[in-house]
Amino acid sequence: MSSRYNHKVAEPKWQKRWQDANIFKVEKKDNKKKYYVLEMFPYPSGKIHMGHVRNYTLGDVVARYKKMKGFNVFHPMGWDAFGLPAENAAKTEKKNPADWTYTNISYMRNQLKSMGFSIDWDRELATCHPGYYKHEQLFFLEMYKSGLAYKKMSEVNWDPVDKTVLANEQVIDGRGWRSGALVEKKNLSQWFLKTSNYSEELLNDLDSLDMWPNKVKVMQSNWIGRSEGAEIVFSLVKNNFSDDKHLKVYTTRPDTIFGATFVAISADHALAKKILKKDINAQKFKEEIKIIDSEKTKVGYNTNIFIKHPFLDKQIPLFIANFVLMDYGLGAVFGCPAHDQRDLEFALKYNLEVIQVVEPAKSKQNSNKIKNVAILGGGLMINSGFLDGVDNEKAKKEVIKRLEKEGIGNKKINYKLRDWGISRQRYWGCPIPILYREDGSVVPVKEKDLPVLLPTLGQKNPSPTKEEVDEWKMTTCPITGMKAVRETDTFDTFFESSWYFLRYCNPRLNNKPFLKEDINYWLPVDQYIGGVEHAILHLLYSRFFTKALRDLNFVDINEPFTGLFTQGMVTHKTFKDSAGNWVEPNKIIESKGNYFDSNNEQVEVGKIEKMSKSKKNVVNPSSIIDDYGADTARWFMLSDSPPERDLEWTDVGVASSHKFINKIWETCIKTKKYKAPHGLSKTNKFDSLIKSVSENIEKFHFNKSVANIYEYVNEINKSMEKKSISGDNLKRAAKDLCIIIHPLTPHLSEEIWELLGYEGFCANANWPEFKKNDVVDMIDLPVQVNGKLKGLIPSKNNDKEEVVLEKAKNLPSLKKILKDKIIGKVIYIPGKILNIVIK
RNA sequence: GGGAGUAUGGCGGAACUGGUAGACGCGCCGGAUUCAAAAUCCGGUCACUUCGGUGGUGUGGGUUCAAUUCCCUCUACUCCUACCA
């Protein structure tokens, strides 16, 4: 009888049994502690890739482990199903985006099921389903009512050839990806959410997320970009262009106000627009700067308006400058060339005064000559009237105090975080539920009329025709009965992913997005797992959304994700032929360190890079599952590389994982035949290994758990070979092995569970307990002389120093060294080390 | 320019709050089994060595009885961000 483990039989068998027994279906149980494991849901692009395999394997280890530890584990799955690729595929394949998407979903669902993930499939959702998106239309209406959603003009990328709006990723080097035409900026009225209302809270609450990687928190914190500074109101003199008497600027360096020698505004500033209307040269300037790279060349237009310095009897010029951004601060700055590199470059170009006002504490060079490099550090104030001699940090406060006293300025905290533009000019997205009445007013759709469905398409239409759109958008106002047209824009797809983790609680509920009592039980997500590429946008939007929904009284939580883990990428070798084309690694033949393609031509070895279709270095998970099985794929994903780092896919690595899967099976078969002799000492190695496997899973050190399991299996084999273990202890060790491998290789584990004669599912078994105190009693104590290892002596943790030292002195290696030396100091740390210092 | 991080054998990587550096795996070498091969099993594997030892965790220094671990210097690489006033 062949004892070989056959994954092709075992894996589908257990997947079916799990499904038939519904063992991963969960319900709220108030008396049981919950654990919510969530991986970022996939976009249904067609097939799963290795990145998914890695992501969902990591999550599944946690989910299965926590279940065995007694938690009520919530582990759902869904589809981020709206988005651009569906429209593109629809065009090239002449299909309806909905059909394309649902076909992909059913294929990918089968792929995921073949990996054996412990998912509650009854909670599956797809964001393109009206039953899902009707609720986010409701959220939008509530946000609109509360003022969180508003409309304003904003730029989009316009392809003049295809006559369509392009997403940022469709613009390559300033050209449309399809047409190749130069992309133009076009102003459209678009919807925004007031994320900026939450800047402070989003920043402050990062401190409470102590189970998030610091890296992600730093990224979000930089993105929110809090700065402290001042707003200063300048008076305008000689203004021939408008009635404006004042101009407000934002600065983080109010201390340098005495060094101000010009003021600059953006070409999009309200004042600049007024000037442009009356000054042809200014208009020309605005045209010119469109083609100037302001990063390299700073240019300005002297408006001939002058600004009165707030503390000096002095007037300084006002420029329109290409390096001033309209969408940060107030679009207006004062220039202090001595202490800002950009201002200095600008001043040198236009012959403006450079006045140093901060003297660095330890002036390294004669800093009184500023040439090309501005002084950026702190120091004592000079040339600054009432500030002279004061430390510049203190001077900042002094200036603000004075500004406030004179009513010409104030302290101001500013954020880089901008409002979230949610309008997308696309078909395959969630319709924005708004009507524009013929009298010009904006009318939200009535809640009872939700969902606003997408216009339906014929079988083979990738997007609606103009007639179809016109027919769809014509409607009447529900209040007045007047003619109205629908908003044709759809939501940014980040809108869907900002609340899907809530919807899993009640995925089929029709009249509400979810029940608050279920949210209060399951949320927040205890462990969220995904790629670091979502560190800012998706995670920040979800945090914002949660807070907004809290304020709209939908939920009671402040943060959606308690724990976050960001996994590394899956990488693979790349190859290029002589023509510079990428070649699939599986078509490469190696010979004596050289590599050849199928035409026997030598190829160049490229870098190890993230698996991607364009570099042809992808490995299809399904073929790996066919050849080696899901457990092998899972084991490989968890071995060697720590999960947060990149994992290099190698064929030998997969083969060796497969070998070990078989070795576990063979080992367990051997344990059944084991006949033990009498009178055996017990070993506690197994307890200590179970302890480390558990701790390493808790800490996401799965590669170490894998190493522990190797040791565990080797230990079983050694004990059987040496006949040094009793039958009962071996039986126990084999059962525990079966359990501790379960989160990693669940199919193999169930097969062994059955082999060993246990009832039910291993998936439902309890995680083994280990007795901490059993772990160490006798150890080999390292003995050092002057910090260098000289030998080992058997010792107990509670041995006295005299005992240990006496044993050490009797070591032959030490006798020789200590012969004619005087022992100075002795350091003894029980259970750790004995170090003898000699002279 | 700003920010975050990494550096340990031929390779992936271990080493708890400073206490036996290189666990575990891959690869390689040797052996067993086999007509032979594959598979499997056993042993070895940081370097040098006069076999007593000596050196060794990117570089140079420091603290300590003891440093991969703590502090300072420099170097290389990776990621994020970028006119943010």
Side-chain angles (χ1 to χ4, degrees), chain A residues 4 213-223 225-227 229-230 249-254 256 263-264 266 293-296 298 321-325 327-336 339-343 345-346 376 414-418 532-533 535-536 568-569 635-636 639-642 644-648 650 652-657 659-660 662-663 666 692 695-696 699 701 703-714 717-718 721 779-792 813 816-817 824-829 831-838:
Chain A
R4 213 151 167 81
N214 198 45
K215 173 177 61 170
V216 174
K217 289 195 277 188
V218 169
M219 280 162 79
Q220 291 211 354
S221 164
N222 290 341
W223 188 260
R226 182 183 193 273
S227 66
V249 306
Y250 174 72
T251 180
T252 55
R253 292 296 302 272
T256 63
V263 170
S266 159
D293 181 357
S294 58
E295 194 91 50
K296 289 184 187 125
K298 312 241 179 295
N322 67 341
F323 67 90
V324 181
L325 304 173
D327 46 15
Y328 180 76
L330 296 163
V333 300
F334 76 74
C336 174
H339 303 289
D340 183 289
Q341 193 60 36
R342 289 159 305 182
D343 294 348
E345 277 172 44
F346 192 79
L376 302 178
N414 207 13
Y415 297 91
K416 278 198 278 183
L417 183 69
R418 295 179 210 153
V532 74
E533 64 273 19
I536 297 173
M569 301 180 296
W635 186 263
F636 176 74
S639 305
D640 289 358
S641 293
E644 68 277 10
R645 286 201 217 166
D646 288 353
L647 168 75
E648 192 198 342
T650 60
V652 282
V654 178
S656 84
S657 295
K659 245 162 65 177
F660 188 67
N662 286 318
K663 185 173 176 175
E666 305 286 342
S692 6
E695 285 169 356
N696 285 324
K699 287 189 279 190
H701 296 166
N703 56 321
K704 295 189 215 169
S705 297
V706 164
N708 297 147
I709 292 171
Y710 275 110
E711 287 185 77
Y712 194 103
V713 172
N714 291 341
N717 279 311
K718 226 178 273 173
E721 216 170 286
I779 61 145
D780 288 330
L781 185 78
V783 179
Q784 296 178 335
V785 174
N786 287 351
K788 284 183 182 165
L789 183 72
K790 295 295 168 188
L792 299 169
S813 56
K816 209 163 152 191
I817 300 166
K825 205 171 161 187
V826 174
I827 294 105
Y828 173 54
I829 297 163
K832 293 257 179 183
I833 201 108
L834 176 71
N835 189 10
I836 301 164
V837 183
I838 57 169

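Lettering follows sequence order; numbering is per chain, from 1. Values reported hereafter were calculated over all heavy atoms of this structure, with side chains retained and with hydrogens, waters and symmetry mates removed.
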**Prompt:** When all nucleic acid strands are considered with a 4.0 Å heavy-atom cut-off, which category describes A/Phe323: base, sugar-phosphate, or nothing?
**Reply:** base

**Message:** Taking the C1' atom in each of B/G13 and B/A21, what is the distance between them to the nearest angstrom?
**Reply:** 13 Å

**Prompt:** Hey, does A/Asp343 reach any base, or is it just sugar-phosphate, or nothing, if we go heavy atoms under 4.0 Å?
**Reply:** nothing

**Item:** Nearest-angstrom distance from the residue atom OH of A/Tyr828 to P of B/U20
**Value:** 15 Å

**Item:** Rounded distance in Å - CD (A/Glu648) to P (B/C26)
**Value:** 16 Å

**Message:** Using modelled atom types and a 3.5 Å cut-off, is there a donor and acceptor pairing between side-chain atoms of A/Asn696 and backbone atoms of A/His701?
**Reply:** no

**P-based separation of B/A23 from B/A14 [nearest Å]** = 13 Å

**Message:** For a quick check of understanding: with a heavy-atom distance under 4.0 Å over all strands, which category does A/Val324 fall into, base, sugar-phosphate or nothing?
**Reply:** base

**Asked** Should the ring pair A/Tyr328 and A/Tyr250 be called parallel, tilted or perpendicular, given that the plane angle runs from 0 to 90° and is split at 30 and 60?
**Response** perpendicular

**Request:** Quickly work out the A/Lys788 NZ to B/U64 C1' distance and round it to whole Å.
**Result:** 15 Å

**Test log, rule side-chain contact (heavy atoms from CB on, under 4.5 Å), inputs A/Lys215 and A/Val218** = CA-CA 5 Å; A/Lys215 173 177 61 170; A/Val218 169; 5.9 Å; no

**Item:** Selection from B/G25, B/A85, B/G19 that lies nearest to any side-chain heavy atom of A/Gln784
**Value:** B/G19

**Phosphate OP1/OP2 of B/C16: any A/Lys704 side-chain N/O under 4.0 Å** = no

Scan nucleotides 45-53 of chain B against the protein and return all N/O pairs shorter than 3.5 Å with their distances rounded to 0.1 Å.
none

**Prompt:** When you check the side-chain N and O atoms of A/Ser227 and A/Tyr415, is any donor under 3.5 Å from an acceptor?
**Reply:** no

**Prompt:** Hey, does the side chain of A/Tyr250 come within less than 4.0 Å of B/C84's phosphate (OP1/OP2), counting only N and O?
**Reply:** no

**Complete:** Those stems involving RNA chain B that have three or more consecutive Watson-Crick or G-U pairs, both distances under 3.5 Å, are B:1-7 with B:75-81, B:10-12 with B:24-26, B:27-32 with B:40-45, B:46-48 with B:53-55, B:60-62 with B:70-72

**Complete:** In terms of heavy-atom contacts, A/Trp635 and A/Val706 come closest through CZ2-CG1, 3.5 Å

**Item:** Interatomic distance where CE belongs to A/Met569 and P belongs to B/C79 [whole Å]
**Value:** 8 Å

**Request:** Measure from the side-chain heavy atoms of A/Tyr328 and tell me the nearest of B/C24, B/A85, B/G3.
**Result:** B/A85

**Message:** Please determine whether side-chain contact (heavy atoms from CB on, under 4.5 Å) holds for the pair A/Asn703 and A/Asp640, giving the CA-CA distance in whole Å, both sets of side-chain angles, and the decisive distance to 0.1 Å.
**Reply:** CA-CA 5 Å; A/Asn703 56 321; A/Asp640 289 358; 5.6 Å; no

**Asked** Once you round it to whole Å, what is the distance between P of B/C41 and CZ of A/Phe660?
**Response** 11 Å

**Prompt:** Toward the 5' end of RNA chain B, which comes first, A/Arg418 or A/Pro642, by nearest nucleotide?
**Reply:** A/Pro642

**Message:** Using a 4.0 Å heavy-atom cut-off, does A/Lys659 contact any base of the nucleic acid, only the sugar-phosphate backbone, or nothing at all?
**Reply:** sugar-phosphate

**Request:** For nucleotides B/A37 and B/C48, find the distance between their C1' atoms and express it as a whole number of Å.
**Result:** 39 Å

**Worked verdict on A/Val333 versus A/Val263 for side-chain contact (heavy atoms from CB on, under 4.5 Å)** = CA-CA 6 Å; A/Val333 300; A/Val263 170; over 6 Å; no

**Touch class at under 4.0 angstrom, heavy-atom based, for A/Ser641 against every strand present** = sugar-phosphate

**Message:** Nearest whole Å is fine: how far is B/A23 C1' from A/His701 NE2?
**Reply:** 15 Å

**Prompt:** Does the distance from a Lys or Arg side-chain N to an Asp or Glu carboxylate O, for A/Arg418 and A/Asp327, drop under 4.0 Å?
**Reply:** yes

**Request:** On RNA chain B, check which nucleotide each of A/Ala332 and A/Asp780 is closest to and give me the residue with the more 5' one.
**Result:** A/Asp780

**Request:** Using the C1' atom on both, measure B/U33 against B/C26 and round to a whole Å.
**Result:** 24 Å

**Request:** Could you work out which one of B/A4, B/C26, B/A21 sits closest to the side chain of A/Val652?
**Result:** B/C26

**Item:** B/G58 and B/A76, which share atom name C1', separated by this distance in whole Å
**Value:** 8 Å

**Euclidean distance, atom NZ of residue A/Lys832 to atom P of B/U64 [Å, nearest integer]** = 22 Å

**Message:** At less than 4.0 Å, is any side-chain N or O atom of A/Asn786 found next to OP1 or OP2 of B/A66? Yes or no.
**Reply:** no

**Request:** Using a cut-off of strictly less than 4.0 Å, decide whether A/Arg645 has a side-chain nitrogen or oxygen near OP1 or OP2 of B/U6.
**Result:** no

**Request:** Can you tell me, in whole Å, how much space there is between the C1' of B/U69 and that of B/G19?
**Result:** 11 Å

**Request:** Without swapping roles, check the side chain of A/Asp340 against the backbone of A/Asp343 for a donor-acceptor pair under 3.5 Å.
**Result:** yes

**Request:** May I ask you to decide if A/Gly787's main-chain N or O and A/Asn835's side chain share a donor-acceptor pair within less than 3.5 Å?
**Result:** yes

**Asked** Side chain of A/Gln784, backbone of A/Lys790: donor and acceptor closer than 3.5 Å?
**Response** no

**Request:** Compare side-chain N and O positions of A/Asn714 against OP1 and OP2 of B/A23 and report whether any pair is under 4.0 Å apart.
**Result:** no

**Syn or anti conformation of B/G9, syn meaning chi within 90° of 0** = syn

**Item:** Verdict with reasoning, A/Lys663 to A/Asn717, per side-chain contact (heavy atoms from CB on, under 4.5 Å)
**Value:** CA-CA 10 Å; A/Lys663 185 173 176 175; A/Asn717 279 311; 3.9 Å; yes

**Item:** Minimum-distance pair of heavy atoms, taken over all atoms of A/Phe334 and A/Arg253
**Value:** CZ-O, 3.7 Å

**Complete:** Looking only at B/G25, B/A85, B/C65, the nucleotide nearest the A/Ile827 side chain is B/C65

**Asked** Considering only B/A21, B/G13, B/G25, which nucleotide approaches the side chain of A/Leu789 most closely?
**Response** B/A21

**Message:** I need the CZ-P distance between A/Phe636 and B/G12, as an integer number of Å.
**Reply:** 13 Å

**Prompt:** Using atom C1' of each nucleotide, how far apart are B/U73 and B/U59 to the nearest Å?
**Reply:** 9 Å

**Asked** What's the base orientation of B/G52: syn (chi within 90° of 0) or anti?
**Response** syn

**Request:** Classify the nucleic acid contact of A/Asn835 as base, sugar-phosphate or nothing, counting any heavy atom under 4.0 Å across all strands shown.
**Result:** base

**Asked** If the P atom of B/G61 is compared with that of B/C42, how far apart are they to the nearest Å?
**Response** 46 Å

**Asked** Which is true for A/Glu711 with a 4.0 Å heavy-atom rule: it touches a base, it touches only sugar-phosphate, or it touches nothing?
**Response** sugar-phosphate

**Message:** At less than 4.0 Å, is any side-chain N or O atom of A/Arg342 found next to OP1 or OP2 of B/C84? Yes or no.
**Reply:** yes

